[in-house]
Amino acid sequence: MTAVSGEQAVSDSYDARALQDKWQARWAEENPFTASEDPSDPRPRSFIVDMFPYPSGDLHMGHAEAFAIGDVIARYRFGRGENVLHPIGWDSFGLPAENAAIKRDSHPAEWTYANIETQAESFKRYGIALDWSRRLHTSDPEYYRWNQWLFTRFFERGLAYRKDGRVNWCPNDQTVLANEQVVQGKCERCGAEVERRALNQWYFKITDYADRLLDDMRELEGKWPERVLLMQRNWIGRSQGADVHFAVEGRDEPVTVFTTRPDTLYGATFFVVAADAPLAEELCAPEQREAFEAYRVQVGRLTDIERQSTEREKTGVFLGRYAVNPVNGERIPVWAADYVLADYGHGAIMAVPAHDQRDLDFARTFDLPVRVVVETGEADPAESGTATAGEGTLVNSGPLDGLTKTDAIPRIVDVLAERGTGEGTVNYRLRDWLLSRQRFWGTPIPIIHCPGCGEVPVPDEDLPVRLPDNLRGADLAPKGVSPLAAAADWVNVDCPRCAGPAKRDTDTMDTFVDSSWYYLRYCSPDLDTAPFDAGQVGKWGPVDQYVGGVEHAILHLLYSRFFTKVLYDMGMVSFTEPFTRLLNQGQVINQGKAMSKSLGNGVDLGKEIDLYGVDAVRLTVVFAGPPEEDIDWADVSPAASLKFLNRAYRVMSQAAAASEPGTDPASGDLELRRATHRTLAKVTEAVEAQRFNVAIARIMELVTATRKAIETGPGAADPAVREAAEAVAVTLSLFAPYVAEEGWELLGHTGSVAVGNWRVPDPALLVQETVTCVVQVASKVRDKLEVSPDISAEELESLALASEKVRNSIGERQVRKVVVRQPKLVNIVVG
RNA sequence: GGGGCCGUAGCCCAGCAGGUAGAGGCACACGACUUAGGAUCGUGCCAGUGCGGGUUCGAAUCCCGUCGGCCCUACCA
């Protein structure tokens with residue numbers, strides 16, 4: 001439409017596609033979001049990282065939300081004039097690429113790098129304020145070389161080692177998995193039921209860091225979501241207790257058990273060994289061999305899920321042997337059972353049925369004795385079937401009799417220690433991180449196995465150990481051993497130590513190794529002498545704000561914390577926690593369910609962008625609710641977002657047409673000026689509190705106020721209107737970058753609106769001349785008074801008592817008390 | 001079995017260091033402008049905060065219990 005004579009043409013709506021093309025080109029040319037390395041740059045630095053994507057295809061709704069949210073935070077920092085490092089990279093090793101290569105008879109790199117290009121273009125279109133000069137891909141030899149270098153350092157420090165173990169095996173992906181990658185007995189990636197296999201595998205000794213991983217969480221308190229901290233605490237599972245050594249008849253070495261209740265030692269009436277532990281096999285007496293073998297077969301048939309059902313009846317078998325209680329010399333029978341886990345503690349327990357429900361269930365099933373040793377005042381467990389675990393007084397416990405549970409624990413630990421039959425200890429649920437994988441598309445483990453020298457790390461100067469490029473298609477099919485084993489010319493090498501014939505390790509690393517330190521690489525992505533430049537990391541790190549999904553609450557976040565601590569110990573970084581603050585965005589769902597092909601409820605990001613434009617889609621996902629909550633696409637409306645953006649655009653363009661940039665707002669309409677500055681204050685507050693949806697609501701209010709000022713108030717030429725329109729452009733730049741840039745330019749400014757233009761509200765315009773005071777009688781609102789904000793309590797009280805409405809309301813009743821909270825409330829208590 | 005989070009208008013959500021239940025949006029209804037409008041503008045409608053107790057002058061906000069939904073964890077000795 002054409003505006004009235006003398007004014008510039010003002011259109012009703014903007015052309016999203018045109019703005020996107022225009023500003024994308026402008027950003028590509030001017031790079032306004034590139035971090036500065038200039039040491040003399042006085043701006044405070046800030047380091048904002050989004051969890052880097054896996055290149056599975058094009059970006060989807062989930063990325064749209066996560067990156068829109070991360071970008072709000074980054075853009076706010078840009079707006080405040082900080083020197084922001086907001087990089088991007090790709091987590092580009094992993095199984096899907098390999099599976100795609102097998103299917104298409106190609107190389108995983110082809111699929112991977114094509115997808116990366118697609119995603120990179122989408123990120124650009126999506127207007128994320130990224131520093132493209134620091135882009136990295138973990139599947140580049142220039143990157144994974146440093147995985148190998150770090151592995152070698154870990155190996156030298158004894159933090160990377162090989163051992164035999166019964167490991168998790170995914171029959172579908174044909175590879176082992178870390179404990180963290182097994183969710184409810186299933187493969188975290190493909191959902192196949194995980195099996196157990198005895199294999200020799202590489203591990204990182206994360207258990208050495210259990211205490212620090214736990215203790216350092218104190219500094220994350222309040223900065224990370226509480227539930228993530230809780231999940232990590234539970235995962236590490238520290239428990240204080242004691243090791244107790246039980247002599248077992250016919251065995252030279254005693255068998256150690258871990259218990260959190262050493263005070264109940266006198267109540268141990270039997271002894272249980274995990275049925276699947278080698279120890280059970282060893283302890284089994286010849287006459288019980290047959291029964292034991294039968295039981296083992298029976299247990300082996302159960303899946304982990306069946307086995308872990310708490311509803312299940314207890315099962316087990318007597319091994320025909322006796323253990324000796326170190327404190328009273330009592331002989332107690334040794335059983336094997338599957339309720340004792342082979343890989344927790346020592347794989348064996350002392351059973352105290354009176355005070356442990358599981359032991360009691362077992363005792364009742366097999367008619368074993370139950371002896372109360374802590375008198376808690378509750379019913380006898382042998383009768384009630386309920387074990388007692390509360391506070392109480394010790395009985396039937398020899399020298400411990402009469403002590404409380406709390407006093408007995410240290411006492412018995414001392415006694416055990418004196419006699420050398422036990423000691424206080426701490427046990428963890430956390431196990432070492434199994435890092436080898438029998439698949440191709442990952443970082444080769446830089447170890448050479450030499451018949452003479454053993455495990456020899458590949459010398460640093462020979463890194464990277466590149467993946468052979470002659471394997472493709474069917475060569476990569478999973479066969480239970482790494483596809484690399486088939487590449488004879490790759491596998492067979494000379495030992496770096498003795499130069500004799502040797503073989504490369506053919507496993508590749510878990511891709512979580514790649515993501516455990518990538519954020520550090522962003523500080524010096526092209527460095528070819530070290531994984532990262534310690535000086536640069538010292539300037540940028542740690543990451544100020546990390547943004548990503550809660551699905552990594554344990555896996556990636558725990559591993560990254562571990563790596564950071566190891567790097568700290570190596571003197572390579574000066575901090576011990578990688579991510580100062582963490583935000584977990586919710587999921588985008590549709591009609592109450594996760595989007596999926598089978599449900600047919602998927603929402604295509606590209607289509608939404610074509611329909612409504614990038615800004616409207618971004619605004620929609622951020623406005624939908626608090627960032628950590630899920631968004632149901634059925635509840636939101638990008639059409640409404642577009643409507644609002646059009647209004648904002650119109651306001652900016654009308655203001656631009658009616659006044660000149662640089663106009664002094666001081667003479668402008670006071671009411672609108674107040675609204676503008678209140679909005680600036682509230683948007684700032686909301687953004688800092690990460691309530692981005694609220695921040696947008698505040699901008700909406702300002703747009704409405706400005707629109708009304710133009711249409712029915714002082715008119716578009718009023719200086720306050722320009723001030724308001726500029727505030728709209730600046731605040732909107734966090735959420736709708738294209739419209740904001742365009743509006744800013746229309747308003748006569750050059751350079752990106754997003755950089756350095758955030759405004760501080762004028763405090764003089766924030767003070768209120770009068771406030772509404774509510775007068776209550778018996779807590780019910782009876783009158784409202786307009787009063788000065790600095791009215792005194794006495795004055796307000798007499799004003800309130802003088803009100804006719806209030807007097808009528810009090811009537812005959814007596815005033816008992818007057819509560820005054822000046823200037824907003826008076827409550828008159830009557831009786 | 002253990003632990004956590006969340007229940008506020010028809011819907012999505014604000015408000016929560018206790019003090020007038022509503023900022024914003026969707027939907028709906030009516031009206032204005034219009035040849036028309038699924039455009040624009042205006043007006044309106046709607047809950048007493050899942051339920052029951054407690055603390056308090058005063059509770060959506062704090063505490064206890066309970067119901068419902070979601071998530072995590074699960075024989076960890």
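Just so it is clear: chains get the letters A, B, ... in the order the sequence lines come, proteins before strands, and each one is counted from 1. Note that this is a predicted model, so its numbers are computed, not measured.
Annotation: Glu221(A), atom CD; neighbour count of heavy atoms from other residues, nucleotides and ligands within 6.0 Å is above 12. Other residues, nucleotides and ligands contribute only 12 or fewer heavy atoms inside 6.0 Å of the CZ atom of Arg227(A).
Nucleotides of RNA chain B nearest to Asn693(A) and Gly347(A) differ in position, and the one nearer the 5' end is that of Asn693(A). Toward the 5' end of RNA chain B, the nearer of the two residues Gln776(A) and Met700(A), judged by each one's closest nucleotide, is Gln776(A).
Rounded to whole Å, the distance from NZ on Lys643(A) to P on rA27(B) is 6 Å. Going from atom CD1 of Ile349(A) over to atom P of rA77(B) covers 11 Å, rounded to whole Å. Distance, Glu628(A) CD to rA14(B) C1': 14 Å, rounded to whole Å. Across the protein-nucleic acid pair, Glu226(A) atom CD and rC72(B) atom C1' stand 13 Å apart, rounded to whole Å. One can place CZ of Arg707(A) at 4 Å from P of rG42(B), the figure rounded to the nearest angstrom. In this entry the distance linking CG of Leu642(A) with C1' of rG25(B) reads 14 Å, nearest Å. Following rounding to the nearest Å, Asp630(A) (CG) and rC70(B) (P) show an atom-to-atom distance of 12 Å. In this entry the distance linking CD of Glu551(A) with P of rC71(B) reads 14 Å, nearest Å.
With a cut-off of 3.5 Å on both pairing distances, the Watson-Crick or G-U wobble partner of rC51(B) is rG65(B). Using Watson-Crick or G-U wobble geometry with both donor-acceptor distances under 3.5 Å, rG1(B) finds its partner in rU73(B). Under the Watson-Crick and G-U wobble criteria, each requiring two contacts below 3.5 Å, nucleotide rU35(B) is left unpaired. Across the strands present, rA21(B) finds no partner; the criterion is a Watson-Crick or G-U wobble pair with both atom distances under 3.5 angstrom. rU56(B) makes up no base pair with any nucleotide shown, lacking Watson-Crick or G-U wobble contacts both under 3.5 Å. Nucleotide rC28(B) has rG44(B) as its partner under the Watson-Crick or G-U criteria, with both atom distances under 3.5 Å. Using Watson-Crick or G-U wobble geometry with both donor-acceptor distances under 3.5 Å, rA9(B) finds no partner in any strand shown.
Listed candidates were rC11(B), rC75(B), rU20(B). Nearest to the side chain of Lys784(A) is rU20(B). Closest contact between the side chain of Leu341(A) and the listed nucleotides rA77(B), rU20(B), rA14(B) involves rA77(B). For Val781(A), the side-chain atoms get nearest to rU20(B) when compared with the rest of rA14(B), rC26(B), rU20(B). Side-chain proximity of Arg698(A) to the nucleotides rC72(B), rA14(B), rA77(B) is greatest for rA14(B). Of the candidates rU73(B), rA77(B), rA23(B), rU73(B) carries the atom nearest the Arg429(A) side chain, counting heavy atoms from C-beta on. Considering only the side chain of Ala640(A), rG25(B) comes nearest among rA74(B), rG25(B), rG58(B). For Ser779(A), whose side chain is taken as the heavy atoms from C-beta onward, the closest listed nucleotide among rA23(B), rC57(B), rU40(B) is rC57(B).
Not one side-chain nitrogen or oxygen of Arg233(A) sits closer than 4.0 Å to the OP1 or OP2 atom of rU73(B). The side chain of Arg650(A) contributes no N or O atom lying less than 4.0 Å from OP1 or OP2 of rA39(B).
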Using atom types as modelled, flag every donor-acceptor pair under 3.5 Å from a side chain in residues 695-706 of chain A to any protein atom, sequence neighbours excluded.
residue: Arg698(A); atom: NH1; partner: Glu701(A); partner atom: OE1; Å: 3.0
residue: Thr704(A); atom: OG1; partner: Met700(A); partner atom: O; Å: 3.1
residue: Thr706(A); atom: OG1; partner: Leu702(A); partner atom: O; Å: 2.6

Let me have the donor-acceptor pairs involving side chains of residues 342-356 of chain A, under 3.5 Å, with sequence neighbours excluded, atom names and distances please.
residue: Tyr344(A); atom: OH; partner: Ser239(A); partner atom: OG; Å: 3.3
residue: Tyr344(A); atom: OH; partner: Asn427(A); partner atom: ND2; Å: 3.3
residue: His346(A); atom: NE2; partner: Asp243(A); partner atom: OD1; Å: 2.9
residue: His346(A); atom: NE2; partner: Asp243(A); partner atom: OD2; Å: 3.3
residue: His355(A); atom: ND1; partner: Thr388(A); partner atom: O; Å: 2.9
residue: His355(A); atom: ND1; partner: Thr388(A); partner atom: OG1; Å: 3.0
residue: His355(A); atom: NE2; partner: Val373(A); partner atom: N; Å: 3.0
residue: His355(A); atom: NE2; partner: Val374(A); partner atom: N; Å: 3.1
residue: Asp356(A); atom: OD1; partner: Arg358(A); partner atom: N; Å: 2.9
residue: Asp356(A); atom: OD1; partner: Arg358(A); partner atom: NE; Å: 3.1
residue: Asp356(A); atom: OD1; partner: Asp359(A); partner atom: N; Å: 3.1
residue: Asp356(A); atom: OD2; partner: Arg358(A); partner atom: NH2; Å: 2.5

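Comparing rA14(B) with rU20(B), their C1' atoms sit 16 Å apart, to the nearest whole Å. If you take atom C1' in rG50(B) and the same atom in rG44(B), they sit 29 Å apart, rounded to whole Å. The gap from the P atom of rC57(B) to that of rC67(B) amounts to 32 Å, rounded to the nearest Å. rA74(B) and rC16(B) have their P atoms separated by 37 Å, given to the nearest Å. For the P atoms, the distance from rU40(B) to rG48(B) is 33 Å, rounded to whole Å. Nucleotides rA9(B) and rA60(B) are separated by 14 Å at their P atoms, to the nearest Å. rA59(B) and rC51(B) are spaced 15 Å apart, taking the P atom of each and rounding to whole Å. Comparing the same atom, C1', in rU56(B) and in rC46(B) gives a spacing of 31 Å after rounding to whole Å.
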Criterion side chain to side chain contact (heavy atoms under 4.5 Å, CB included) on Leu416(A) and Glu423(A), from CA distance to verdict | CA-CA 6 Å; Leu416(A) 289 168; Glu423(A) 58 276 321; over 6 Å; no

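Partners of Phe246(A) under the ring-ring contact (aromatic ring centres under 6.0 Å, His included) rule, at least two apart in sequence or in another chain, are Phe271(A). Under the rule for a side-chain hydrogen bond (donor to acceptor under 3.5 Å, both in side chains), Ser397(A) has no partner lying at least two apart in sequence or in another chain. Evaluation of the ring-ring contact (aromatic ring centres under 6.0 Å, His included) rule for Phe362(A) yields Phe270(A), Trp335(A), Tyr339(A), Phe366(A) as partners, not counting sequence neighbours.
Ion pairing between Glu711(A) and Arg647(A) fails under the 4.0 Å rule for side-chain N and carboxylate O.
Remark: Lys817(A), Val819(A), Arg821(A), Leu825(A), Asn827(A), Val829(A) in residues 816-830 of chain A come within less than 4.0 Å of RNA chain B through at least one heavy atom.
Note on residues 619-645 of chain A: no pairs pass salt bridge (Lys or Arg N to Asp or Glu O under 4.0 Å), not counting sequence neighbours. Note on residues 677-692 of chain A: pairs passing salt bridge (Lys or Arg N to Asp or Glu O under 4.0 Å), not counting sequence neighbours, are Arg80(A)-Glu688(A).
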Polar-atom pairs under 3.5 Å, protein N or O versus N or O of nucleotides 2-10 of chain B: list them with distances, or write none.
none

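For the 3.5 Å distance criterion, the side chains of Gln240(A) and Thr260(A) fail to qualify, holding no donor opposite an acceptor.
In this entry the base of rG18(B) is anti relative to its sugar, with a glycosidic angle more than 90° from 0.
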